[in-house]
Each structure stands twice: as C-alpha cells, then as structure tokens.
Amino acid sequence: MRWVATRFDGLDALSFEHVHVADPADDEVTIKVMAAGVNPIDLKILAVLNDPALLPHPIGNEIAGIVEAIGTGAQAGSPGIEVGDEVIAYHSPGGYATRINVPAKDVFAKPSALPFDEAAGLLLVGTTAMEMLDRVEVKPGDTVLLHGASGSIGAMVLQLAARVGATVIGTTSARNAENVSRFGGIPIEYGPGLSDRVRAAAPEGITVALDAAGTPEATETSLEWVSDRNRILTIAAAPGAAEQHGFHRLGGPKSVEFRNAKRAELIALAGAGEVQVHISHRLPLEQAKVGLELVTRGGAAGKVVLHP
Ligand SMILES: NC(=O)c1ccc[n+]([C@@H]2O[C@H](COP(=O)([O-])OP(=O)(O)OC[C@H]3O[C@@H](n4cnc5c(N)ncnc54)[C@H](OP(=O)(O)O)[C@@H]3O)[C@@H](O)[C@H]2O)c1
C-alpha cells in the first residue's frame, strides 16, 4: 500500500492505493517500512511540482525500516548493508508506504539504540538544523533568537546549539513552552510585545536570529535585534523577504549538497543519544492525512510518524 497524490490541490487529492513493488533495480534497496516521518514539505511540494506528467505522485520523504532486497551492485550510504538490516532512508520518495524501493546511496545503517520512530524523523529536520547553525556560524557565547523553537526544527536547533555552547531564546506558544526548556532553551511567547520579552530574556542582546516560523513578526524582530544581516537566517519566511533585507534563506542545490554530506554524522550523534527526536504523534499509515494536517496547520508540537 502507498499514499499518492492524484492531483495537485492539497489533502483531498491524496489517495491510499495498492501497489506492486518490483524487484529493486541495480542501484536500489527494497525496504519494509516500519515508520515514516511526516514533514510540511510532503504536502507543500505538490504546489511546486504541479505537472500532470508527474501523477500519480508518491508522498513522503524519509523512513526507517528493514532491508528486504538489495540490487546487484548497489552501494548503500553506509557500507556493508545486508538483507535483514535495520536502516534509515532519506531521501526516500514515496515513503508513506508499506514497502518501497529506494536509491541505495540514500540508505544508512540504523543504530540499534535508535528506535524506528526517531530514526524516521531524524534526517530532514536534523540536517536542516545543522545547516542553519553552519550558515550563520553559531559559536560558543552566541545568544540566538530562534523563532518557532517549539517545533521539530526548533528541537534540533536547540540541541545542536547547546552542543556548540550557544544560548538560545526560543519563541513558542504558551502551551508548548516545555518543548523549548526541555532542550535547554529559554522560552518566550511569540505575539504582541515579543521585543520586550526578548529584551527581558537577553539584556545583553542577541547575536544571531534563526527563523523557523516564517511570520512577518519573526522577520521584523530578527531585523530589530541583529544588525549583522549575515547572522540572520530564515527557512520559512515568504519568498522575497530574505532577498529584500539581505539575510540568508536556505534551500536549493547548495542546501541539498550540505545536508546530504551531514547524514552519517547526524545518525551517529542520534545513535549515541547526543541528539533526540521528540515524537508527539504516532499514527497508523492509513491516517496520513491526519498527520499532514497536524504539521501543515500547526499544533503538532513534535514529530509526527506513520506506522504501516
Ligand atoms: N527551507 C527548508 O529547507 C526547510 C526545511 C524544513 C522545514 N522548513 C519549514 O520550516 C517550518 C518549520 O518546520 P517544523 O517541521 O519545525 O514545523 P512545526 O514542527 O510545525 O513547528 C512550527 C513552529 O512554528 C511555531 N509557530 C506557529 N505559529 C506561529 C506564530 N504565529 N508565530 C511564531 N511561531 C509560530 C510553532 O509554535 P507553537 O506550536 O508553539 O504554536 C512551532 O514552534 C515549516 O514552515 C517548514 O515547511 C523549511
């Protein structure tokens, strides 16, 4: 079974269908999916593709599972992968499925200490967070203002920034403040009066601003508090905001290259318990639309994973 988009107009266009999974091609691995990560991009990408030639379009991007077959001569992302091994696959297009074929280069050994659910929610947000810190060169002693700190990206940024030795002031709704403090951040509520709360939390100022919320308030507050535009970054602001104000926006081939190169390092960190994936919802694969609604409308307050 798998989820596909039969049109490009949102959740209503998604369909759960039977599919025959062929033997893997020479450069592929067949994986029995144990958990699939749900991300906003899984749905957002449909609006970007919008080409009927791409239909039906399989949904999903990251999974953890068990290797069932390996193509002749396939070279996996980590060496020595065999049938029966527990693995993580990212990118795994069509990951909302019971079983899929994935390019071998994107398949990595899953550390035994890392549960399938956490493994399925690790790489997209984790490598994005790594790139965020790298691009603005977060260093020991920095005081970071992080918009959207209670979300999945936020959890990863908080943990990675703490490892560097930076302090993070993280914006959140009141109900999710615990999501920020659990990973060492200082929670403050977003909304009217935000700048006053930043001042109270960081009387000596902010050196870096990272935006995973994408609101006009996030952009305005970042610009107000950080004069060096080279140390302001967004992954979520409306198109044009970063260009207009001269700060960083992630995405495109440069980001893909950076993040792909970081996958093995991040898996090792998670396997050693150095970073955690905070899972808020576990849903049966049949309820993929519920999961997508949670992550696109907000309020998931952690990673959503699907169980075939
Ligand atoms: N460009 C890239 O490469 C890239 C990569 C990954 C993700 N993204 C984007 O980054 C964003 C965050 O992803 P995610 O997976 O972390 O999503 P998420 O888990 O849903 O988190 C969203 C965050 O935004 C906060 N938020 C909601 N409404 C807000 C408001 N009005 N003002 C300030 N904060 C608000 C939420 O806080 P509460 O829940 O506490 O309200 C939460 O902390 C998404 O837009 C996603 O598409 C971009």
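Residue numbers start at 1 and run along the sequence shown. Numbering of ligands and ligand atoms starts at 1, following listing order. This one's a predicted model, so the numbers in the text were calculated from it and none came from an experiment.
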* Ligand-side contact atoms (ligand 1) for residue partner Thr128, heavy atom cut-off under 4.0 Å -> 5 (C)

* Does any N or O atom in Ala236 lie less than 3.5 angstrom from one in ligand 1, N or O only? -> no

* To do: Just need the protein heavy atom nearest to atom 16 (O) of ligand 1, so name the residue and atom and give the distance.
  => Ile153 N, 2.9 Å

* **Pair Arg249 + Glu243, salt bridge at N-O below 4.0 Å** => no

* For atom 19 (O) of ligand 1, what's the nearest protein heavy atom and its distance? -> Ser152 N, 2.9 Å

* Asked: Is Leu124 in contact with ligand 1, taking contact as a heavy-atom separation below 4.0 Å?
  -> yes

* Would you check if there is a donor-acceptor pair between the side chains of Glu224 and Ser195 at a distance under 3.5 Å? => yes

* Structure fact -> atom 17 (O) of ligand 1: closest protein heavy atom, distance to 0.1 Å, is Pro40 CG, 4.3 Å

* Asked: Which heavy atom of the protein is the closest neighbour of atom 21 (O) of ligand 1, given with residue, atom name and distance?
  -> Gly151 CA, 3.3 Å

* Do we see a donor-acceptor contact under 3.5 Å between the side chains of Asn39 and Lys303? -> yes

* Close side-chain approach of Tyr90 to Ile63, heavy-atom, < 4.5 Å -> no

* Below 4.0 angstrom, N of the basic side chain to O of the carboxylate: do Arg199 and Asp196 qualify? -> yes

* **For Thr215, atoms of ligand 1 separated by under 4.0 Å from a heavy atom** => 30 (C), 31 (N), 32 (N)

* **Salt bridge present between Arg197 and Glu189 (N-O < 4.0 angstrom)** => no

* Protein heavy-atom partner closest to atom 36 (C) of ligand 1 - residue, atom, separation in Å -> Ser150 OG, 3.9 Å

* Would you check whether Ala212 reaches within less than 4.0 Å of ligand 1, judged by its heavy atoms? => yes

* Asked: Tell me, which protein residue and heavy-atom name are nearest atom 8 (N) of ligand 1, and how many Å apart are they?
  -> Ile235 CD1, 3.7 Å

* May I ask you to check if ligand 1 and Gly251 share an N or O to N or O distance below 3.5 Å? => no

* To do: For Leu250, take its heavy atoms, then give the atoms of ligand 1 lying under 4.0 Å from any of them.
  => 1 (N)

* Quick one: look up the protein heavy atom nearest atom 35 (C) of ligand 1 and list residue, atom name and how far away it is. => Tyr190 CE2, 3.3 Å

* **Single hit among Leu210, Thr171, Val168 for side chain to side chain contact (heavy atoms under 4.5 Å, CB included) with Leu145** => Thr171

* **Sidechain N-carboxylate O distance under 4.0 Å for Lys105, Asp27** => no

* Consider only side-chain N and O atoms of Arg2 and Thr98, and report whether a donor and an acceptor are under 3.5 Å apart. => no

* Structure fact -> for atom 23 (C) of ligand 1, nearest protein heavy atom and its distance come out as Gly148 CA, 3.9 Å

* Asked: Of all the heavy atoms in Lys303, does at least one lie under 4.0 Å from an atom in ligand 1?
  -> no

* To do: Test Phe116 against every option in Ile66, Ile88, Val305 by the side chain to side chain contact (heavy atoms under 4.5 Å, CB included) rule and name the one that passes.
  => Ile66

* Asked: When you check the gap from the basic side-chain N to the acidic O, do Lys262 and Glu265 get nearer than 4.0 Å?
  -> yes

* Asked: So, Glu62 and Ser92: side-chain donor and acceptor under 3.5 Å apart, yes or no?
  -> no

* Answer with yes or no whether the side chains of Thr234 and Asp211 bring together a donor and an acceptor at under 3.5 Å. => yes

* Under 3.5 Å: N/O of Ser173 near N/O of ligand 1 -> yes

* With a 4.0 Å cut-off on heavy atoms, is Ile41 touching ligand 1? -> no

* Which is it for Lys44 and ligand 1 at heavy atoms under 4.0 Å: side chain, backbone, both or neither? -> side chain

* Asked: Which ligand 1 atoms does Asn176 reach within 4.0 Å, using its non-hydrogen atoms?
  -> 38 (P), 39 (O), 40 (O)

* Asked: Are Arg259 and ligand 1 in contact, using a heavy-atom cut-off of under 4.0 Å?
  -> yes

* Backbone or side-chain N or O of Gly302 under 3.5 Å from ligand 1 N or O -> no

